[in-house]
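All chains are named by letter (A, B, ...) in the order of the sequence lines, taking the proteins before the strands, and each is independently numbered beginning at 1.
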There are 2 protein chains.
Amino acid sequence: MSTCDLCVVRNRAICSALDSDEIKALSAMGRKRDLSAGESLIWEGEDSVLVANVVDGVLKLSTNTEDGREQIVGVVYPSDFIGRPFGGTTGHGVTALTDSRVCVFSRRDFDNFAAEHPGLERKLLQRTLAELDRTRRWMLLLGRLSASEKVASFLLEMSERLVEPGCATDEPGAKRAFVLPFSRQQIADVLGLTIETVSRQFTRLRNAGVIDLPSRREVVIRDPDALSAEAG
Amino acid sequence: MSTCDLCVVRNRAICSALDSDEIKALSAMGRKRDLSAGESLIWEGEDSVLVANVVDGVLKLSTNTEDGREQIVGVVYPSDFIGRPFGGTTGHGVTALTDSRVCVFSRRDFDNFAAEHPGLERKLLQRTLAELDRTRRWMLLLGRLSASEKVASFLLEMSERLVEPGCATDEPGAKRAFVLPFSRQQIADVLGLTIETVSRQFTRLRNAGVIDLPSRREVVIRDPDALSAEAG
DNA sequence: CGTCCCGTTGAGGGTGCTCAAATTACGTGG
DNA sequence: CCACGTAATTTGAGCACCCTCAACGGGACG
């Protein structure tokens, strides 16, 4: 029994395409790595040397303009795949937003392994297609939504991603609470806004009684319907 | 010898992963279809019933907000793949920008065929990863660039995509001419701007001597370096 | 208790949007 | 081939939204 059998994402990550023997072979190639919040795993523009699975934590994918503006182009959660198989250069950096744990492989090793395990490539294809869909929906937000619509949409997506299941909040209209893995600046970098605009939208929603902000990172959605209405 | 052997994208589309016999089997499942400019192949939100390869022409992938704002989230050219394998709903419509010809398959048939041909899935994975990279770079444009930077970047990408090779314009700094497959409104929908802003940026660049606009759809880049400088 | 960092709040200005009109291409029919 | 009608594009004026710059507040940590 390999250590992978104990892995919390064993049955959700692309590893689920593999049986026990295959997992053993794959795990022999990889290693666990812990990242502190703020630490980068991959830098923009470098050759693709490694790929990874997220075991725990939240990480951002981000690109920058030459003069330092940043845009977060993706956010990955446990069981998500990181990196660029088939070589080339990575177009975006990968940085931990929270303390994280990832399962890292040499890109070359992974490519070779995947080539021999079509089931793994198939799983990866499914994930990549889903990620592409999500990214394209995000483009509509960036290109066509107003600041208030962006923030409302963001909070709704966060609540779907982060609210602990079974908080007796399954019925529509119930409160939802979660802890943001983002700073205000990072939210701005996700939405294509400035930190001030994000802050103002947050306080506006708080004053309107739509949300509560118990602390900087905590959000309580008091009126999901109102938020949905704002999201357009 | 199947008709595919004569196909102009035979060696560039995902079909290149298949040998002559396999192509014959695949082509038995598919059929050619011609689209006029403006005609849609797939509508946003419908179940994924078909996939296709672009043989000729340019098509847009687009989503709309409820109140009618549009964002073009992708543009596909000959040899590109269209559609959402593995079922689900398509998050964006597919519409021909120019008169086009595509090679269409039932999504279900294609899925089954691909499951038996890992080489095809691998090719599709490579394409999807490349498309994801391109889409993420586009997010930086939508979220962080100014109108002038957006338009300059757009013109540069168009010139790379559309300039006929061998126009004696290989040396940097040389003029490049091409015909846009987009109307002004569509350019606005690509860049997340309004038609008026796009138009003003075009005339500004023309007045600055950076580009020429012989007709509505034609563009000549007179000073590529200046354009690059504006793109950031 | 002081410092630092992050977030909030305020004032003001600029970019890009809205609304409206003029102008130019382009297809159609005479 | 020209005249016309329609649609696309350009241009203009004014304004709204969001950004910029700046100061303030508050929590975390030493």
Which pairs with one or both residues in residues 181-209 of chain A pass ring pair (Phe, Tyr, Trp, His ring centres under 6.0 Å), sequence neighbours excluded? A:F154-A:F182
Ignoring backbone atoms, establish whether B:T194 has a side-chain N or O less than 4.0 Å from OP1 or OP2 of C:dT18. no
Under-4.0 Å salt bridge between A:D34 and A:K32: no
Measure the distance from CZ on B:R69 to C1' on C:dT18 and round it to the nearest whole Å. 14 Å
Please give, in whole Å, the distance from C:dG7 P to A:L193 CG? 15 Å
Hey, are A:E46 and A:R84 close enough for a salt bridge, meaning a charged N less than 4.0 Å from a carboxylate O? no
Interatomic distance, B:I195 CD1 vs C:dC19 P [rounded to whole Å]: 15 Å
Rounding to a whole Å, what distance do you find between A:L180:CG and C:dG7:C1'? 13 Å
Rounded to whole Å, CG of A:D189 lies from P of C:dC6 at a distance of 13 Å
Decide yes or no for A:I82 and A:N53: does some side-chain heavy atom of the first lie under 4.5 Å from some side-chain heavy atom of the second? no
Whether A:T98 side chain and A:V58 backbone form a donor-acceptor pair below 3.5 Å: yes
Terminal axes of the helix from C:dC1-D:dG30 to C:dG30-D:dC1 (five pairs each): angle between them, nearest 10 degrees: 40°
When rounded to whole Å, the CG to P distance for the pair B:D67 and C:dT18 reads 10 Å
Does the pair A:R136/A:E131 count as a salt bridge with the N-to-O cut at 4.0 Å? no
Test B:V219 against B:M158 for side chain to side chain contact (heavy atoms under 4.5 Å, CB included), laying out the working first. CA-CA 10 Å; B:V219 177; B:M158 282 302 102; over 6 Å; no
Working for ring-ring contact (aromatic ring centres under 6.0 Å, His included), residues B:F81 and B:F105: CA-CA 11 Å; B:F81 183 83; B:F105 305 91; 8.4 Å; no
What residues, two or more places apart in sequence or in another chain, satisfy side chain to side chain contact (heavy atoms under 4.5 Å, CB included) together with B:R217? B:V179, B:S183
Over how many whole Å does the gap from B:Q185 atom CD to C:dT18 atom P extend? 11 Å
DNA chain D: 5'-proximal contact among A:T197 and B:R206 (nearest heavy atom): B:R206
Strictly under 3.5 Å: I want the nitrogen or oxygen pairs between protein and nucleotides 10-12 of chain C, one per line.
{"unit_1": "C:dG10", "atom_1": "N7", "unit_2": "A:R200", "atom_2": "NH1", "d": "2.9"}
{"unit_1": "C:dG10", "atom_1": "O6", "unit_2": "A:R200", "atom_2": "NH2", "d": "3.2"}

dist B:N207:CG -> B:R204:CZ (nearest 0.5 Å) comes out at 9.5 Å
Answer yes when B:R134 and B:E157 have at least one side-chain N-carboxylate O distance shorter than 4.0 Å, and no when they do not. no
Would you mind telling me which residue lines up with the more 5' stretch of DNA chain C, A:F182 or B:S148, judged by nearest nucleotide? A:F182
Distance check needed: C:dC6 P versus A:L213 CG, whole Å only. 18 Å
Does any N or O in the side chain of B:R144 come within less than 3.5 Å of the main-chain N or O of A:E70, such that one atom is a donor and the other an acceptor? yes
Thinking salt bridges, do B:R127 and B:D80 make one under a 4.0 Å N-O criterion? yes
With a 4.0 Å cut-off (strictly under) to non-hydrogen atoms of chain A, the first and last hit nts on DNA chain D, 5' to 3', are D:dC18 to D:dG26
Every protein N/O lying under 3.5 Å from an N/O of nucleotides 21-27 of chain C:
{"unit_1": "C:dT24", "atom_1": "O2", "unit_2": "B:R216", "atom_2": "NH2", "d": "2.7"}

Test side chain to side chain donor-acceptor pair (under 3.5 Å) on A:S215 and A:E218; report intermediate values, then the result. CA-CA 5 Å; A:S215 76; A:E218 288 174 272; 2.9 Å; yes
